[in-house]
Novice: 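After the structure tokens below, expect a handful of questions from me.
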Amino acid sequence: DSGVTQTPKHLITATGQRVTLRCSPRSGDLSVYWYQQSLDQGLQFLIQYYNGEERAKGNILERFSAQQFPDLHSELNLSSLELGDSALYFCASSTWTGGATDTQYFGPGTRLTVL
Amino acid sequence: GENVEQHPSTLSVQEGDSAVIKCTYSDSASNYFPWYKQELGKGPQLIIDIRSNVGEKKDQRIAVTLNKTAKHFSLHITETQPEDSAVYFCAAPGARQLTFGSGTQLTVLP
């Protein structure tokens, strides 16, 4: 158990809908990262937050947005969903000292299925 | 940005044999190289990492070697067991984010 929690575990929705994925980081970690893992694909970095502020952005679609709240939990919002958005979405957390060399601990993921 | 290539994409070994997975990276400034194990239906779990001030690091049956000149690093698993079967990912840091390899599906045959 990494200490990172994600809810829900599974989510099934229809095209065009909007969903929110939630992540709580490990105790003491101030940084949260979101990744997308499609079938047979590696881990694609989406976005990073540190103490409430966006710090790095990867291949995140404009239909997707995220935020980190004062209690450090983070939410990833996916809107106007398409079939191709079906994937595993992982959250990771770290202490973050700047750059990309901090150890990241991953949550169990949310499996999103868009029908 | 950083580019990470991982080989092989699939690897089958007999129980008790060794397994080696290799990754190459493009950014010579990279100095941190983690390896993650992902079991079916679970999130990636960090199993070992190495920083560029050392050339090798071991943890029981797992070791990672780093060749900064050639810009490659490898994961070595000795005395493989069925529970080692999983997907393994390497990663290297870019300017602001980790870049992951495409993964290796390791199958340990009993």
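Below, chain A is the first sequence line, B the second, and so on; all start at residue 1.
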Novice: With a 4.5 angstrom heavy-atom cut-off, which part of A:Ser2 approaches chain B: side chain, backbone, both or neither?
Specialist: neither
Novice: Look at the side chain of B:Thr24 and the backbone N and O of B:His72, then say whether any donor-acceptor pair between them is shorter than 3.5 Å.
Specialist: no
Novice: Run through B:Phe100, B:Tyr36, B:Trp35, B:Tyr25 and flag the one making a side-chain contact (heavy atoms from CB on, under 4.5 Å) with B:Cys90.
Specialist: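 Answer to the side-chain contact (heavy atoms from CB on, under 4.5 Å) test with B:Cys90 among B:Phe100, B:Tyr36, B:Trp35, B:Tyr25: B:Trp35.
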Novice: If we ignore angles and hydrogens, is there a donor and acceptor under 3.5 Å between the side chains of B:Ser9 and B:Gln105?
Specialist: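 Result is no, nothing qualifies.
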Novice: Any chain of hydrophobic side-chain contacts (each under 4.5 Å) joining A:Leu61 to A:Tyr89?
Specialist: yes
Novice: Taking CD in B:Glu56 as the centre, count heavy atoms belonging to other residues, nucleotides or ligands within less than 6.0 Å. Is the count above 12?
Specialist: yes
Novice: So which of A:Leu46, A:Leu43, A:Leu76, A:Leu88 actually passes side-chain contact (heavy atoms from CB on, under 4.5 Å) with A:Tyr35?
Specialist: A:Leu43
Novice: Could you check whether any side-chain N or O of B:Lys57 sits under 3.5 Å from a backbone N or O of B:Val64, counting only pairs where one atom can act as donor and the other as acceptor?
Specialist: no
Novice: Using 30° and 60° as the class boundaries, would you call the ring planes of B:Phe33 and B:Phe73 parallel, tilted or perpendicular?
Specialist: tilted
Novice: Under a 4.5 Å cutoff for heavy-atom pairs, which residue among B:Gln6, B:Gln38, B:Glu2 has the most contacts with chain A?
Specialist: B:Gln38
Novice: Is there a donor-acceptor contact under 3.5 Å from the side chain of B:Thr99 to the main chain of B:Val4?
Specialist: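 Judged by distance alone, no pair lies under 3.5 Å.
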Novice: Report which part of B:Pro34 has an atom under 4.5 Å of a heavy atom belonging to chain A: side chain, backbone, both, or neither.
Specialist: neither
Novice: Please list, in residue-number order, every residue in residues 6-33 of chain A that has a heavy atom less than 4.5 Å from any heavy atom of chain B; write 'none' if there are none.
Specialist: A:Lys9
Novice: Side chain, backbone, both or neither: which part of A:Gln44 has a heavy atom under 4.5 Å from chain B?
Specialist: neither
Novice: B:Leu98 versus chain A, heavy atoms under 4.5 Å apart: side chain, backbone, both or neither?
Specialist: both
Novice: If you count heavy-atom pairs under 4.5 Å between each of A:Gln48, A:Lys57, A:Gln37 and chain B, which one has the most?
Specialist: A:Gln37
